[in-house]
Asker: 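Here's a structure for you.
To find a chain, count down the sequence lines: A is the first, B the second, and so on, and within it residues start at 1.
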2 protein chains.
Amino acid sequence: MLILLVEDDAVLAAQTIDFLNAEGIEVDYAATLGRAKEIAAQTASFDKYDAIILDMSLPDGNALSLLQQSLAGFDAPVLFCTAATDLDDKLAAFAAGALDYITKPFALPELAVRVKLLAGKVSKCNQVFELGSLHVDFSAKIVRRGNRTIVLSPQQWQLLTLLAEQAPTPVSKAQILRHIWPDSEVNNNMYKSLLTRLRHNLSRDNEPSVIQTLKGQGVALRESS
Amino acid sequence: MLILLVEDDAVLAAQTIDFLNAEGIEVDYAATLGRAKEIAAQTASFDKYDAIILDMSLPDGNALSLLQQSLAGFDAPVLFCTAATDLDDKLAAFAAGALDYITKPFALPELAVRVKLLAGKVSKCNQVFELGSLHVDFSAKIVRRGNRTIVLSPQQWQLLTLLAEQAPTPVSKAQILRHIWPDSEVNNNMYKSLLTRLRHNLSRDNEPSVIQTLKGQGVALRESS
DNA sequence: CTATACTGTTACCTTGTGGTTACCATGCTA
DNA sequence: TAGCATGGTAACCACAAGGTAACAGTATAG
């Protein structure tokens, strides 16, 4: 992941860059508005960046102008950042197209989280779960096994996502019951049927099973061993 | 736009609801975690909401548990909100799946902006959408399939753009109903008719269908596989 | 003002879901 | 060994959800 940091305070910038690097985020750095605009010109409106952190108060002008000028081609999401707690500033930033806002002083871990969220939102970084030949795309709600696309019923999808989230940790029967039938009286057979059906859909023919039962502990999503 | 507010402070809740209503945002309200869970059960994991504002400290438990329990089926984005400025709280919330975080006391206009952002209302509408032989030009409002130009009714155009924005992620029936018939009591048949008509217009003869139904999950714009 | 198209409504059909029952396999315990 | 608990499978079927066509009232355009 590559982001652009526009910030005039050299010390803060250095700290931020160090922290983000440690999180696995690469950072390009511009200390002034002028430098940021140069980069914009070179990179076709920040095309290459997953996100931009923009300090509001820069020595050579207000950062809002950057958003407003370049907004047309802006592909990268912008996180605004300023010392001012003034509400009008915030609203102006959002109005100009910022997607998030953080006030100084901020904690670096929080900044990192927000940057990752921003970058993920736009790149539609679909959360995907893979296990052997099983492939689950959570946002698009697609399940594939090898090159075969699998259609799951609502209940089966719910169960699969629950298992995938916890995998390879087993999920107890009680948890599953509560999760899928939150209110109604639950019959143990419903649970058994659901599991059988999901198993059947996930491994046709003689593909290896991916749902393992641990007696008394529940059910886990892992490769057969 | 419809959101869910989970907040135990009745005064603050009333103020928030008033303000959001004035912004054109409808608000459902839950004062306790228990009530929120009831709503979750009724509405198939908050399917009908565009966003959820969740107060961290509730009388009957910590709101994080709601996220963790129900996360599997969570369609709506969550904005966390709390009096604590404790960094750990923030990070825990983000880790649990929150997409934004705001600390009390907050300014209502800022909350409104963040909610709108979350709900995706500010989605950047791509100029052109393509899928197989289907070609949609949003700004010119033209739809083509191969070399045949297609004319859509207003409703059908609305639906197509909604689907295209989210593609290939499926859009739930609840979302569609709210988007196309925002106020009126909606009849399920209207939805069925609209879908049939759009399908019919988009694929005459024996062109492959581009609108896939995922049982219980909604409808998605993707190539038939 | 007339013709056309849009949209809400009804009726009917198809499909798949999911609760249910019945039966079998395994492993533990008395 | 019988008895029981846990877990797996298959088949049945009521019923809800989805799909289609036809009709009518109303809006819209020419």
Side-chain angles (χ1 to χ4, degrees), chain A residues 141 143 149-160 162-163 170-177 179-206 208-221 224, chain B residues 41-44 47-48 73 141 143 149-160 163 170-177 179-206 208-221 224:
Chain A
K141 303 196 173 172
V143 184
T149 302
I150 297 175
V151 182
L152 293 180
S153 78
Q155 277 189 345
Q156 290 169 40
W157 172 261
Q158 268 191 284
L159 177 55
L160 178 62
L162 180 62
L163 293 177
V171 182
S172 76
K173 190 203 292 195
Q175 250 180 295
I176 295 178
L177 295 184
H179 189 260
I180 299 196
W181 298 276
D183 23 42
S184 62
E185 281 287 304
V186 199
N187 179 329
N188 186 39
N189 294 321
M190 292 150 68
Y191 165 80
K192 292 198 292 180
S193 287
L194 175 57
L195 247 179
T196 298
R197 284 165 179 155
L198 181 57
R199 275 210 181 89
H200 180 255
N201 277 334
L202 289 188
S203 44
R204 265 215 252 291
D205 305 324
N206 45 10
S209 172
V210 283
I211 300 183
Q212 255 71 26
T213 308
L214 291 97
K215 274 221 169 171
Q217 311 207 18
V219 173
L221 206 57
S224 64
Chain B
Q42 286 164 20
T43 62
D47 210 19
K48 56 188 278 205
K141 299 201 173 185
V143 185
T149 302
I150 297 175
V151 183
L152 292 180
S153 77
Q155 278 189 344
Q156 289 170 40
W157 173 258
Q158 266 191 286
L159 177 55
L160 179 62
L163 292 177
V171 182
S172 76
K173 184 187 343 187
Q175 265 178 287
I176 295 177
L177 294 183
H179 189 258
I180 300 195
W181 299 276
D183 18 49
S184 63
E185 275 295 301
V186 201
N187 179 330
N188 185 37
N189 295 320
M190 292 150 68
Y191 163 80
K192 293 197 291 180
S193 288
L194 175 57
L195 248 181
T196 298
R197 284 162 181 157
L198 179 57
R199 275 210 182 88
H200 180 255
N201 278 335
L202 288 187
S203 47
R204 265 215 254 289
D205 306 325
N206 44 10
S209 173
V210 283
I211 300 183
Q212 253 74 27
T213 313
L214 290 98
K215 311 162 243 213
Q217 315 229 31
V219 172
L221 208 57
S224 63

Asker: Over all heavy atoms of both residues, which pair between B:K173 and B:N188 is shortest? Give the atoms and the distance, please.
Answerer: NZ-OD1, 3.0 Å

Asker: Nucleotide by nucleotide, 5' to 3', does protein get under 4.0 Å of the base (B), only the sugar-phosphate (S), or neither (-) in nucleotides 11-30 of chain C, counting heavy atoms?
Answerer: -----SSBBBB---------

Asker: Contact boundaries of DNA chain D with chain B (under 4.0 Å, heavy atoms), 5' to 3'?
Answerer: D:dG18 to D:dA22

Asker: For DNA chain D, whose closest nucleotide is more 5', that of B:R199 or that of A:T213?
Answerer: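 Closest to the 5' end, via its nearest nucleotide, is A:T213.
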
Asker: Which pair of non-hydrogen atoms, one from A:Q212 and one from A:R199, has the smallest distance, and what is that distance?
Answerer: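 A:Q212 and A:R199 have their closest heavy atoms at C-NH2, 4.4 Å.
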
Asker: Rounded to the nearest 0.5 Å, how far does CG of A:L177 lie from CE of A:M190?
Answerer: 8.5 Å

Asker: Calculate the interatomic distance between B:N188 atom CG and C:dT7 atom P; express it in whole Å.
Answerer: 18 Å

Asker: Heavy-atom distance under 4.5 Å between the side chains of A:T149 and A:V143, does that happen here?
Answerer: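 In short, these two side chains do not touch, never coming nearer than 4.5 Å.
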
Asker: Which residues pass the side-chain contact (heavy atoms from CB on, under 4.5 Å) test with A:T196, sequence neighbours left out?
Answerer: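 side-chain contact (heavy atoms from CB on, under 4.5 Å) list for A:T196, sorted by chain: empty.
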
Asker: What verdict does the side-chain contact (heavy atoms from CB on, under 4.5 Å) test give for A:Q156 and A:L194, after you've listed the backbone C-alpha separation in whole Å, the side-chain angles of each residue and the deciding distance to 0.1 Å?
Answerer: CA-CA 7 Å; A:Q156 290 169 40; A:L194 175 57; 3.7 Å; yes

Asker: So which heavy atom on A:V151 is nearest to which on A:N201, and how close?
Answerer: O-ND2, 4.2 Å

Asker: How close do B:S203 and B:S209 get, heavy atom to heavy atom, and via which atoms?
Answerer: OG-CA, 4.2 Å

